[in-house]
Amino acid sequence: MKATVIGGGIIGLSSALYLQQDGWEVTVLDKGTLADNCSFGNMGYLSPSHFATLAQPGVINQGILWMFQKKSPFYVRPELSPQLIDWGLKFYRACNANHVQRSAKPMLDLLLLSKELTRSWIQTGILSFEYAEKGCINYFQTKKYEKSELENVYVGRDLGLQIDVLSKEEIHELEPDLKAEVRGAAWYKDDAHLQPNELMNQLIALLKKRGVNIITEAEVTGFQRADSTITAVQYKLTSQPEILKSETDMVVLAAGSWSSDLARLAGEKIPLMPGKGYSMTIQPAKQLLHHPCILVEAKVAMTPWQQQLRIGSTMEIGSINDKILFPRVQGILEAVGRYFPAYKQERAFQELSDEKNLKTKLREKVWYGFRPLSADGLPYIGFGKKSSNLILATGHAMLGISMGAGTGKLVAELAAGEKTSIPAKAFDPGRY
Ligand SMILES: Cc1cc2nc3c(=O)[nH]c(=O)nc-3n(C[C@H](O)[C@H](O)[C@H](O)COP(=O)(O)OP(=O)(O)OC[C@H]3O[C@@H](n4cnc5c(N)ncnc54)[C@H](O)[C@@H]3O)c2cc1C
């Protein structure tokens with residue numbers, strides 16, 4: 001039996017891995033070169049701590065305030081797009097406490113399943129990317145954010161997560177090199193982190209070794225069908241104009257931020273918007289930071305690996321574009337210095353933050369990717385309404401790495417018609 005996976009990001013590749021393991025003859029089609037999609041330059045967090053959906057009370061008001069601050073981490077590109085309006089209305093409706101509460105358990109189930117499977121990739125020796133279980137520390141500077149962080153701590157503990165609340169003194173003991181200027185922190189001990197560039201490159205190599213047919217620079221343009229079944233996926237190679245086809249028994253649509261356009265070609269409707277984020281990676285002479293962390297007020301994340309430090313942030317909602325907004329990049333770097341003054345003296349960080357240098361080398365120094373944002377913060381994983389053999393797997397927003405392995409497993413179980421490892425109803429794309 002043949003399966004065609006559209007999209008070679010973490011979701012498509014994880015799906016390909018588990019489908020191939022179940023005996024499917026798998027083809028992956030990707031319009032790019034598989035060197036730099038959103039699954040590469042991200043922060044590499046596996047975040048059970050992020051059980052609360054992005055759509056939650058208060059985010060819209062906060063977002064509106066941030067819209068008027070040039071250096072803030074959030075921006076909606078003003079555009080008269082029906083897709084944005086439709087998505088925005090649905091997002092607005094999902095921003096309520098009931099929704100967050102209802103979604104927390106399914107989100108956490110998928111996050112924990114994924115973490116266990118990702119860990120198993122290392123433990124069984126099939127992959128060997130950098131991976132560590134040191135948790136994630138959320139630092140706050142203000143009373144207002146301390147309050148909201150502690151609310152998350154209490155809900156997380158009720159759900160069974162291990163979370164320590166740290167005083168300033170405890171933080172200085174845990175991270176002695178940082179000289180952290182913070183009020184306190186919450187240490188989410190179930191979180192883990194990995195090096196996503198290594199993960200992606202190794203996953204591609206493993207799939208090829210196992211016989212998965214990965215075709216790059218192959219843009220999917222349509223579907224051939226017989227009644228309610230897709231019989232072939234049509235695509236075009238960058239190098240030649242003819243339309244080619246991948247004949248298939250099962251299709252997995254995992255094209256990240258491009259998924260809603262492709263879904264439409266298959267007669268499906270999923271509200272989805274791209275959420276652009278930036279990251280910068282440096283090689284500090286000495287690693288000052290020893291645990292991955294989030295600067296809560298600034299919404300900046302920092303991941304220390306053995307040789308590198310990655311700093312990332314921003315959520316720019318709007319159509320796909322290649323602009324890099326310099327003030328927002330500056331905002332990210334200034335926040336690091338505000339929370340951790342020690343970085344102002346660190347050479348690699350100083351070099352990165354040098355305004356003139358950064359401005360002239362912006363494209364070289366700043367990576368960006370597009371998070372596929374569902375309208376309610378839950379991913380879309382499940383069969384389409386119009387085709388009996390189309391599985392949608394997208395909308396993972398800021399949690400594609402955290403939920404990748406688990407999503408791949410669910411996709412393979414759905415394709416086999418088996419009972420899923422965790423209940424998957426909450427992720428059914430048919431909810432819209
Ligand atoms: C700054 C930043 C930090 C992040 N940090 C984290 C983190 O710490 N932890 C975490 O869990 N998540 C994180 N994320 C989110 C995570 O990176 C995404 O959720 C994830 O990469 C999405 O994976 P994907 O496979 O759905 O999409 P992608 O990785 O974007 O892959 C989609 C693929 O589909 C292909 N495609 C599109 N259209 C077509 C077509 N017509 N034909 C063929 N192929 C097509 C594209 O070329 C692309 O390769 C972060 C994101 C950003 C931007």
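Keep in mind that what you see is a predicted model, and the values were worked out from it rather than measured. Whatever order the structure lists ligands and atoms in, that order sets their numbers, starting from 1.
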Taking distance alone, with N or O pairs closer than 3.5 Å, would you say Gly312 contacts ligand 1? no
Output yes when the distance from some N or O of ligand 1 to some N or O of Asn37 is under 3.5 Å, and no in every other case. yes
If we only count N/O pairs under 3.5 Å, is Lys31 in contact with ligand 1? yes
Evaluating non-hydrogen atoms only, which member of Arg371, His50, Lys236, Met315 is closest to atom 2 (C) of ligand 1? Arg371
So is Gly369 polar-close to ligand 1, meaning N/O to N/O under 3.5 Å? no
Identity of the nearest option to atom 4 (C) of ligand 1, non-hydrogen atoms only, from Asn42, Leu253, Val5: Asn42
Test item: side-chain donor near acceptor, Arg310 and Thr281, under 3.5 Å: yes
Are there over 12 heavy-atom neighbours, none belonging to Lys236, within less than 6.0 Å of that residue's NZ? no
Would you please determine whether Thr394 falls within less than 4.0 Å of ligand 1 on a heavy-atom basis? no
Polar-atom distance check: Ile11 versus ligand 1, any N or O pair below 3.5 Å? yes
Working note: Asp376 + Lys90, criterion salt bridge (Lys or Arg N to Asp or Glu O under 4.0 Å); need CA distance, chi angles, decisive distance, verdict. CA-CA 7 Å; Asp376 58 2; Lys90 291 188 166 84; over 6 Å; no
Identified side chain to side chain donor-acceptor pair (under 3.5 Å) counterpart of Glu316 within the set Tyr278, Tyr75, Tyr368: Tyr278
Does Gly44 reach ligand 1 with a nitrogen or oxygen that is under 3.5 Å from one of the ligand's nitrogen or oxygen atoms? yes
Give me the residue, atom name and distance of the protein heavy atom closest to atom 21 (O) of ligand 1. Ser39 OG, 2.9 Å
For ligand 1, is there an N or O atom under 3.5 Å from any N or O atom of Met403? no
If you measure from each heavy atom of Ala218 to ligand 1, is any distance below 4.0 Å? yes
Using distance alone, determine whether Ile10 and ligand 1 share an N or O pair under 3.5 Å. yes
Before signing off on this row, confirm whether Gly12 and ligand 1 have an N or O atom pair separated by under 3.5 Å. no
Any heavy atom of Ser402 under 4.0 Å from ligand 1? The part involved is both
May I ask you to identify, for Ala397, whether its side chain, its backbone, both or neither come under 4.0 Å of ligand 1 on a heavy-atom basis? backbone
Close N or O approach (Gly277, ligand 1; < 3.5 Å): no
